Visitor: 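If you scroll down you'll find the structure; I have some questions about it.
Keep in mind the model is a prediction, meaning the values are calculated, not measured.
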Amino acid sequence: MSKATRGMLAAVILALLAGVWWYAQSGMSSKAWTDLEITLIRSLWIDNLPPLPRAKGNSVADDLLAAEFGHRLFFDKRLSANGQVSCASCHRPEHSFTDGLEVAEGLNTGKRNTMSIVGTAYSPWLFWDGRKDSLWSQALSPLENPLEHGSSRMQLVHLVAQDEHYRAQYGKLFGPLGDFSDASRFPTAAGPVDDKNLDESWQSMAPEDQEAVTRVFVNIGKAIAAYERLLIPGAARFDHYVEELVTGNREPSEILSKDERAGLRLFIGKAQCINCHNGPLLTNHEFHNTAVLSSPGSLPSKGRIKAVQAVLDDPFNCRGDFSDINPRECTELRFIRTGDNLVGAHKTPSLRNTAKTAPYMHAGQLTTLEEVIDHYDRAPAAMVGHNEAKVLSLRRREVKQIEAFLHTLTAPVAADSKWLKAPDQAAD
């Protein structure tokens, strides 16, 4: 073979190898999905979402009147100390019920990124660290948090008592509200909170009056939870693709691009995303340490390890006196997971509508989906505890393909449009 011929052959081989490399990088393989891949993909389908689980501890959870009451409360800024903050201030419908900020902004700057409440009725634990075990108990926490609403339960009870519409709705749901007009027994504002004046006012009240006020306060949370149970994610482009796939077409075209399909293959395979982001909500509702750095100037979060005792001690938990259920049915609390492996662990968020809920992680430390994928690709050492993730060694194009797939999970909330805006706007 002449030198010229060898040179031409080498050039051809190099060209073929370059083509194979590009083909592999692009993820544009024409092979159909395997049976195992289809099984995994189908497990993520929104049609596999079961009926709403029973709302443990909330007897009005599925009462439409309670949802209407909760809907109005959710958008009412009078539930805050300064009359400027509502639940919807941080959980904004146009942002898939998040706020687009690194950390929440209420009366003051918060410490945690606002999680979406869409689909959270399926979760046994609420907040990034899971310190609440129901939607209704979670709804109560921001109301008295000085960084969020900064209100007090006594102030909220007076609001319901003095608003004619609220008082009527409350009475239909929970029975007569009672008389809270005696200022010597029921001060304008009081509650068992860190604020010295509010706490002293609360401690001056008779125990039976404290119990009556707290009962109304709890019912406010239960009504808000009834509204939030209506916020369920709808079918996205990904789900339309799966629907065609499971009907027998092993390589549906047009619904997802080649890069989006390649990203899906990586999601369920090499990138190992499905290990935690599984099921139709793309979350296992569990807690994992993935070595996310703390925010600048902040100490690393201890995560779930601190919250376990907090939820067990919570007077508003499933086993508490204000829960509408037999304590023996509170299985999550009975079998709650403990151990040092929870140090630095945070809740796995749903990836439904994730493209609309930036920034990411428990304190908004990562700005884009690409940054999130890069973080998992590198799997750095954890500042506290142990990083559960492993180095993935993804190629740059594979990172972009996974990001492309995540954008296919965007869809409207599967609820009547009236629930997605303030009641006065919904009536227009």
Visitor: Report the distance from atom CG of L392 to atom NZ of K270, rounding to the nearest 0.5 Å.
Guide: 8.0 Å
Visitor: Output the distance between atom CZ (F322) and atom CG (D314), rounded to the nearest 0.5 Å.
Guide: 11.0 Å
Visitor: Check the pair I373 / L394 against side-chain contact (heavy atoms from CB on, under 4.5 Å), numbers first and verdict last.
Guide: CA-CA 9 Å; I373 300 167; L394 296 171; 4.0 Å; yes
Visitor: Yes or no on side-chain contact (heavy atoms from CB on, under 4.5 Å) for I325 and C318, after CA distance, side-chain angles and deciding distance?
Guide: CA-CA 7 Å; I325 196 173; C318 181; 3.7 Å; yes
Visitor: Answer with yes or no whether the side chains of E388 and N289 bring together a donor and an acceptor at under 3.5 Å.
Guide: no
Visitor: Quick one: do the R112 and S301 side chains pair a donor with an acceptor below 3.5 Å?
Guide: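 R112 vs S301: donor-acceptor pair found between side chains.
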Visitor: Determine whether a donor-acceptor pair (N or O, by modelled atom type, separation under 3.5 Å) exists between the side chain of N108 and the backbone of P146.
Guide: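 At least one qualifying donor-acceptor pair exists.
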Visitor: Quick one about S181 and D179 (side-chain donor to acceptor, distance below 3.5 Å, no hydrogens or angles considered), yes or no?
Guide: yes
Visitor: Once you measure the plane-to-plane angle for F174 and Y170, does it fall in the parallel (<30°), tilted (30-60°) or perpendicular (>60°) bin?
Guide: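 Aromatic pair F174/Y170 classed tilted.
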Visitor: With the threshold set at 4.0 Å, does a side-chain nitrogen-carboxylate oxygen contact exist between E329 and K56?
Guide: no
Visitor: Do the side chain of N113 and the main chain of E102 share a donor and acceptor less than 3.5 angstrom apart?
Guide: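 A pair under 3.5 Å: yes.
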Visitor: May I ask you to decide if F287's main-chain N or O and R337's side chain share a donor-acceptor pair within less than 3.5 Å?
Guide: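 Such a contact is found between R337 side chain and F287 backbone.
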Visitor: Taking NZ, NE, NH1 and NH2 as the nitrogens, is one of them in K390 or D377 under 4.0 Å from a carboxylate oxygen of the other?
Guide: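 Looking at D377 together with K390, the answer is no, because their closest N to O distance does not fall below 4.0 Å.
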Visitor: What's the spacing between C90 SG and L101 CG if we round to 0.5 Å?
Guide: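 Rounded to the nearest 0.5 Å, the SG-CG separation comes to 7.5 Å.
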Visitor: Does the Q365 side chain pair with the main chain of L293, one donor and one acceptor, at a distance under 3.5 Å?
Guide: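 Between the backbone of L293 and the side chain of Q365 there is a qualifying donor-acceptor contact (under 3.5 Å).
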Visitor: Rounded to the nearest 0.5 Å, what's the gap from CG on L351 to SG on C273? Could you check?
Guide: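 L351 CG to C273 SG: 8.0 Å, rounded to 0.5 Å.
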Visitor: So is R131 actually on top of W125's ring, under 6.0 Å and inside 45° of the axis?
Guide: no
Visitor: Counting only N and O atoms by type, is there a donor-acceptor contact under 3.5 Å from the side chain of Q155 to the main-chain atoms of S80?
Guide: yes
Visitor: Could you check whether the rings of H277 and F267 sit parallel, tilted or perpendicular, using 30° and 60° as the cut-offs?
Guide: tilted
Visitor: Can you name the closest pair of heavy atoms from F75 and L420 and give their distance?
Guide: CZ-C, 4.4 Å
Visitor: Please determine whether side-chain contact (heavy atoms from CB on, under 4.5 Å) holds for the pair N278 and L282, giving the CA-CA distance in whole Å, both sets of side-chain angles, and the decisive distance to 0.1 Å.
Guide: CA-CA 4 Å; N278 47 51; L282 291 100; over 6 Å; no
Visitor: With no hydrogens and no angle check, just 3.5 Å: does a side-chain donor-acceptor pair link S134 and S137?
Guide: yes
Visitor: State whether K400 and E403 are salt-bridged, where the test is any N-O pair (Lys NZ or Arg NE/NH1/NH2 against Asp/Glu carboxylate O) under 4.0 Å.
Guide: yes
Visitor: Answer yes when R78 and D76 have at least one side-chain N-carboxylate O distance shorter than 4.0 Å, and no when they do not.
Guide: yes
Visitor: May I have the step-by-step check of salt bridge (Lys or Arg N to Asp or Glu O under 4.0 Å) for D259 and R397, ending in yes or no?
Guide: CA-CA 9 Å; D259 273 346; R397 185 171 182 83; 3.2 Å; yes
Visitor: Donor-acceptor check, side chain of D239 to backbone of A236, threshold 3.5 angstrom: yes or no?
Guide: yes
Visitor: So, applying salt bridge (charged side-chain N to carboxylate O under 4.0 Å, His left out) with D209, which one of R185, R215, R153 is it?
Guide: R185
Visitor: Donor-acceptor check, side chain of T357 to backbone of T354, threshold 3.5 angstrom: yes or no?
Guide: yes
Visitor: Please report the C-alpha distance between E164 and R167 in whole Å, then the side-chain angles of each, then the deciding distance to 0.1 Å, and finally whether the salt bridge (Lys or Arg N to Asp or Glu O under 4.0 Å) criterion is met.
Guide: CA-CA 5 Å; E164 183 178 345; R167 188 180 185 93; over 6 Å; no
Visitor: Answer yes when K302 and D129 have at least one side-chain N-carboxylate O distance shorter than 4.0 Å, and no when they do not.
Guide: no
Visitor: Hey, is the main chain of R319 close enough, under 3.5 Å, to the side chain of S323 for a donor-acceptor pair?
Guide: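 Not a single qualifying donor-acceptor pair exists.
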Visitor: Parallel, tilted or perpendicular for F74 and H91, by the 30°/60° rule?
Guide: tilted
Visitor: Would you call K222-D324 a salt bridge at under 4.0 Å N-O?
Guide: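 A salt bridge is present here (some side-chain N lies under 4.0 Å from a carboxylate O).
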Visitor: Between D195 (side chain only) and L198 (backbone N and O only), is there a donor and an acceptor less than 3.5 Å apart?
Guide: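 Between the backbone of L198 and the side chain of D195 there is a qualifying donor-acceptor contact (under 3.5 Å).
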Visitor: Measure the spacing between SG of C276 and NZ of K347 and express it to the nearest 0.5 Å.
Guide: 13.5 Å
Visitor: Parallel, tilted or perpendicular: which one describes the rings of F238 and F405, with boundaries at 30° and 60°?
Guide: perpendicular
Visitor: Walk me through it: do L126 and D133 pass the test side-chain contact (heavy atoms from CB on, under 4.5 Å)?
Guide: CA-CA 6 Å; L126 285 301; D133 66 346; over 6 Å; no
Visitor: Can you see whether W33 has R261 sitting over its ring - NZ or CZ less than 6.0 Å from the centre and within 45° of the normal?
Guide: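 No, R261 does not sit over the ring of W33.
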Visitor: Does CD belonging to Q203 count more than 12 external heavy atoms closer than 6.0 Å?
Guide: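 Correct, the count exceeds 12.
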Visitor: Between R92 and D99, does any NZ, NE, NH1 or NH2 come within less than 4.0 Å of an OD or OE carboxylate oxygen?
Guide: no
Visitor: One pair to check against side-chain hydrogen bond (donor to acceptor under 3.5 Å, both in side chains): N284 and T348. What are the steps and the verdict?
Guide: CA-CA 7 Å; N284 59 4; T348 304; 3.2 Å; yes
Visitor: How long is the gap from CD on E228 to OG1 on T120, to the nearest 0.5 Å?
Guide: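 Taking CD in E228 and OG1 in T120, the distance rounds to 6.0 Å.
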Visitor: Quick check against the 3.5 Å criterion: does D163 have a side-chain atom that pairs as donor or acceptor with the backbone of Y166?
Guide: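 At least one qualifying donor-acceptor pair exists.
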